[in-house]
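Since the structure comes first, as structure tokens, the remarks are kept for the end.
Quick caveat, the model's predicted, so the values are computed rather than measured.
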Amino acid sequence: MSAPARAADTTVDERPPEERLEDHRRELTGYCYRMLGSAFEAEDAVQDTMVRAWKGVAKFDGRSSLRSWLYRIATNVCIDALNGRKRRAVPMDIGGPGAPVAESLREPLPDAEWLEPMPDARVSTPAGDPADKAVAKETIRLAFIAALQHLPARQRAVLILREVLCWKAAEVAELLDTSVASVNSALQRARATLGEQGISEAAPQTSPAMDPAQTALLMRYMAAFEAFDMEALTALLHEDVEQNMPPLELWFRGRDDVIAWMATGPGQGCRGSRVAPVEINGTVGFAQWKPSGPNGEFEAWGITALRIEDGAVTGLSIFLNTELFGYFGLPLKLADRPELWEPKAG
């Protein structure tokens, strides 16, 4: 999952530190998201980091780089936030798959219990090194973020800094005020835990060449979903597809159950919805507005991330927290931005 080593950039930035802090906001957001598993908490942590940095920048003596100093602050903020708190979960952590019927529904758990999605635009830029962009996408995948939640806070920081951001062991040891041996031991234990969660140390990187194929499949899926065409949807789903819907505990495994939920179960309420594509957690997805109200308005319902493997949809993570729409830059009512929706080609 690590990016290839590259020569260090020796360019000197002559701007005052206060003007350079904001340059790091996007990468710090990605770091804090990997640490915390919550887009909203990551944003708060970065803001806290910036406030602490603004207050302390006059005392910054330059013994480390400004970037390293910010990561030290952000790490302390995240570790403090994680102390004494349960890890964020996905529905598959809680129990086995359920039946696609209304009787399987229970009261939703609080949003703070669940892993939250992240818009790609918050942690990645169109420009930049392709290897860095590939690693950034791969390491905000929901499966990777969910696996990180099983690590203690300091192991989590060590693995992200070493494996994702390619820091040297000595640099991580300095940041955490510990020894290189301790860092190496923490990294070994973190790798073992991720292996138990099915995440390889050498996770495959996202290939830019796959993006057009994934986008084309997304467009076919959105068209079939808006038409509520069960035959077309069936053709796009892998036979072992999994669907989950935080903050609901209920999840399904298998194409038949996913289709049954939509065709004859409570999912029928999504008939007539409008959707728009989003880039989410290093993959493709869509926002959904359901028809409601006497005036035929379309109101925010959920944001879906697709997991795509071998040309089929193998996972559907549907986040029903409508507060996420604002974080993705989307309206709660489609009428406020009708240009988001255009009829999808089949």
Should the heavy atoms of other residues, nucleotides or ligands under 6.0 Å from CZ of Arg85 be counted, would the total exceed 12? yes
Contact list for residues 319-328, test side chain to side chain donor-acceptor pair (under 3.5 Å), sequence neighbours left out: none
Arg72 side, atom CZ; Asn76 side, atom CG - distance, nearest 0.5 Å: 7.0 Å
Say you draw a straight line from NE2 of His24 to OG1 of Thr29; how long is it, rounded to the nearest 0.5 Å? 12.5 Å
Would you check if Glu116 and Glu41 make a side-chain contact, meaning some heavy-atom pair closer than 4.5 Å? no
Please name the pair of heavy atoms, one in Leu217 and one in Ala312, separated by the smallest distance, quoted to 0.1 Å. CD1-N, 3.9 Å
Under the salt bridge (charged side-chain N to carboxylate O under 4.0 Å, His left out) rule, collect the residues that match up with Asp111, sequence neighbours excluded. none
Salt bridge or not between Asp229 and Arg220? Use side-chain N to carboxylate O under 4.0 Å. no
Who passes ring pair (Phe, Tyr, Trp, His ring centres under 6.0 Å) against Trp167, sequence neighbours left out? Tyr71
Between Phe225 and Cys270, does the side-chain contact (heavy atoms from CB on, under 4.5 Å) criterion hold? Intermediate values first, please. CA-CA 9 Å; Phe225 184 79; Cys270 291; 3.9 Å; yes
How close do Met50 and Leu21 get, heavy atom to heavy atom, and via which atoms? CE-O, 3.2 Å
Is any side-chain heavy atom of Arg253 closer than 4.5 Å to one of Trp251? yes
Take a 6.0 Å sphere around CD of Glu279 and say whether it holds more than 12 heavy atoms from other residues, nucleotides or ligands. no
Would a 4.5 Å heavy-atom cut-off, applied to side chains only, mark Arg34 and Ile140 as touching? yes
Donor-acceptor pair between Ser68 and Ser65 side chains, under 3.5 angstrom: yes
Please tabulate, one pair per line, all N/O donor-acceptor pairs under 3.5 Å involving side-chain atoms of residues 145-154, not counting sequence neighbours.
unit_1, atom_1, unit_2, atom_2, d
Gln149, OE1, Arg156, NH1, 3.4
Gln149, NE2, Ile145, O, 3.2
His150, NE2, Gln197, OE1, 3.4
Arg154, NH2, Leu176, O, 3.2

Check the pair Arg191 / Glu163 against side-chain contact (heavy atoms from CB on, under 4.5 Å), numbers first and verdict last. CA-CA 10 Å; Arg191 286 172 172 169; Glu163 293 288 312; 2.5 Å; yes
So among Thr283, Leu218, Ile303, which one has a side-chain contact (heavy atoms from CB on, under 4.5 Å) with Val278? Ile303
Within a 6.0 Å radius of atom CD on Glu309, are there more than 12 heavy atoms belonging to other residues, nucleotides or ligands? yes
Taking Lys333's backbone N and O only, do any of them form a donor-acceptor pair with Glu297's side chain (distance below 3.5 Å, no angle check)? no
Give me the atom names and distance for the closest heavy-atom approach of Pro108 to Leu248. CB-CD2, 4.1 Å
Here the gap from Thr139 atom OG1 to Phe144 atom CZ, rounded to the nearest 0.5 Å, amounts to 5.5 Å
For Phe40 and Leu324, run side-chain contact (heavy atoms from CB on, under 4.5 Å): C-alpha distance rounded to whole Å, both residues' side-chain angles, the deciding distance at 0.1 Å, then the answer. CA-CA 9 Å; Phe40 296 121; Leu324 290 166; 3.7 Å; yes
Minimum heavy-atom distance Ala300-Pro331, with the two atoms named: CB-O, 4.4 Å
Flag the pair Met219 / Tyr221 as yes when at least one side-chain heavy-atom distance between them is below 4.5 Å, and no otherwise. no
Correct closest heavy-atom pair for Cys78 and Ala45 would be SG-CB, 4.3 Å
Aromatic plane relationship, Trp289 with Phe325 - under 30° parallel, 30 to 60° tilted, over 60° perpendicular: perpendicular
Hey, are the side chains of Leu109 and Ile94 touching, using non-hydrogen atoms and a 4.5 Å cut-off? yes
Taking the side chain as C-beta and beyond, is there a heavy-atom pair between Leu316 and Leu306 under 4.5 Å? yes
Rounded distance (nearest 0.5 Å) linking atom CD of Glu196 with atom CG of Leu194: 9.5 Å
4.5 Å side-chain heavy-atom contact, Leu142 and Phe319: yes
Working to the nearest 0.5 angstrom, can you tell me the gap between Thr75 OG1 and Leu161 CG? 5.5 Å
Check the pair Val164, Tyr31 against side-chain contact (heavy atoms from CB on, under 4.5 Å), reporting the backbone distance first and the verdict last. CA-CA 9 Å; Val164 177; Tyr31 176 62; over 6 Å; no
Rounded at 0.5 Å granularity, tell me how far CZ in Arg87 sits from CG in Leu36. 15.0 Å
Residue pairs fulfilling side chain to side chain donor-acceptor pair (under 3.5 Å) with at least one residue in residues 254-274, sequence neighbours excluded: Ser273-Gln288
I'd like to check the salt bridge (charged side-chain N to carboxylate O under 4.0 Å, His left out) partners of Arg189; sequence neighbours left out, ordered by chain and number. none
